[in-house]
Amino acid sequence: AQSVAQPEDQVNVAEGNPLTVKCTYSVSGNPYLFWYVQYPNRGLQFLLKYITGDNLVKGSYGFEAEFNKSQTSFHLKKPSALVSDSALYFCAVRAPYGNNRLAFGKGNQVVVIP
Amino acid sequence: SQTIHQWPATLVQPVGSPLSLECTVEGTSNPNLYWYRQAAGRGLQLLFYSVGIGQISSEVPQNLSASRPQDRQFILSSKKLLLSDSGFYLCAGGQGVQETQYFGPGTRLLVL
């Protein structure tokens with residue numbers, strides 16, 4: 001069965017500094033990987049995904065993520081964090097076969113300090 | 001692109017009362033549809049998913065049921081709510097083998 005680990009409960013970063021949110025995964029076969037962001041009392045918003053191709057994926061709002069097969073990781077990054085990036089971030093994975101069920105991580109709270 | 005609509009946004013219900021939450025999809029046909037629950041403290045739990053009209057798969061046996069009476073309509077129901085049914089309910093939709101799941105705005109349910 002597929003699973004995702006997001007090891008840090010909360011990530012604190014100063015505004016303007018680089019932001020990294022970590023994600024490692026476990027799945028049989030080549031993974032489909034996703035990042036979502038959630039603001040308070042809102043649904044999840046899709047940021048980016050990796051299916052195949054270039055290991056560096058660029059997404060919405062200046063975010064990017066790098067797929068590393070050897071380390072089974074898909075860390076989310078942003079070069080310069082904004083206060084408005086403060087939110088809950090979810091990593092998700094699924095296998096490329098069978099049903100389309102996603103396995104979500106527990107989420108990381110990102111706090112950007114002005 | 002598809003848009004997921006959910007209502008109501010907030011619901012307060014007494015224990016033992018029935019529940020009906022509706023999700024509709026705009027902008028696509030024959031979507032895969034999902035119901036998730038997010039308890040306080042953030043984790044998402046998949047409750048049901050559907051690949052077509054009348055086709056429902058249940059992930060976790062519990063007090064809830066789901067139905068898909070139309071292609072773009074997905075309903076979450078309960079005959080008698082429990083305190084433990086409180087949470088944030090999210091509907092999502094996707095399409096195709098490499099689908100991205102897009103989420104609705106959610107319904108906050110409080111059972112008292």
Side-chain angles (χ1 to χ4, degrees), chain A residues 1-11 21 23 27 29-53 57 59-60 65 67 86-111, chain B residues 1-11 21 23-25 30-52 55-60 74 86-110:
Chain A
Q2 54 256 36
S3 65
V4 165
Q6 294 183 247
E8 300 161 314
D9 275 349
Q10 182 165 314
V11 175
V21 188
C23 170
V27 70
N30 294 320
Y32 291 176
L33 292 156
F34 302 81
W35 275 103
Y36 289 86
V37 61
Q38 185 182 31
Y39 296 96
N41 295 310
R42 303 288 293 275
L44 277 65
Q45 294 180 33
F46 169 70
L47 282 177
L48 50 81
K49 70 179 179 183
Y50 172 82
I51 300 295
T52 187
V57 179
S60 307
F67 170 60
S86 298
L88 191 55
Y89 290 79
F90 288 95
C91 181
V93 68
R94 57 164 281 234
Y97 52 83
N99 60 53
N100 290 351
R101 282 175 289 179
L102 286 174
F104 282 88
K106 64 187 173 111
N108 280 120
Q109 184 66 49
V110 169
V111 178
Chain B
S1 64
Q2 60 181 292
T3 302
I4 309 293
H5 300 283
Q6 285 186 250
W7 62 89
T10 306
L11 190 60
L21 301 181
C23 168
T24 58
V25 181
N30 197 30
N32 298 319
L33 295 173
Y34 307 84
W35 277 112
Y36 291 88
R37 178 167 59 201
Q38 186 177 27
R42 76 180 63 154
L44 278 92
Q45 179 187 33
L46 178 63
L47 301 175
F48 301 95
Y49 72 93
S50 171
V51 298
Q55 301 178 63
I56 309 295
S57 294
S58 174
E59 288 296 297
V60 181
F74 201 25
S86 294
F88 192 48
Y89 288 82
L90 293 158
C91 180
Q95 193 169 46
V97 174
Q98 297 181 353
E99 72 172 20
T100 295
Q101 288 186 26
Y102 292 95
F103 285 77
T107 295
R108 175 79 56 192
L109 173 65
L110 180 60

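Just so you know, these numbers come straight off a predicted model, no measurement behind them. Letters go in sequence order (proteins before strands), and every chain restarts at 1.
Annotation: the span from B:Y34 atom OH to A:R101 atom CZ amounts to 9.5 Å, rounded to 0.5 Å. In this structure, the separation between CG on A:N41 and OG1 on B:T10 is 7.5 Å, given to the nearest 0.5 Å. Taking CG of B:L44 as the reference point, atom CZ of A:F104 lies at 5.5 Å (rounded to 0.5 Å).
Closest heavy-atom contact between B:F88 and A:R42: CE2-O, 3.4 Å. The two residues A:Y32 and B:Q98 have their closest heavy-atom pair at OH-CG, 3.7 Å.
With a 4.5 angstrom heavy-atom cutoff, A:D9 touches chain B via backbone and side-chain atoms both. B:Q38 touches chain A through its side chain: at least one heavy atom from C-beta onward sits under 4.5 Å away, while N, CA, C and O do not. At a 4.5 Å heavy-atom cutoff, the contact between A:Q109 and chain B is made by backbone and side-chain atoms alike.
A distance-only check finds a donor-acceptor pair linking the side chain of A:Y36 to the backbone of B:Q101 [under 3.5 Å]. Side chain of A:N100 to main chain of B:G96: a donor-acceptor pair is present (N/O by atom type, distance under 3.5 Å, no hydrogens or angles).
More than 12 heavy atoms of other residues, nucleotides or ligands sit less than 6.0 Å from atom CZ of B:R108.
Of the listed residues A:T52, A:I51, A:L44, the one with more heavy-atom pairs under 4.5 angstrom with chain B than any other is A:L44. Counting heavy-atom pairs closer than 4.5 Å to chain A, the top residue among B:I4, B:V97, B:T100 is B:T100.
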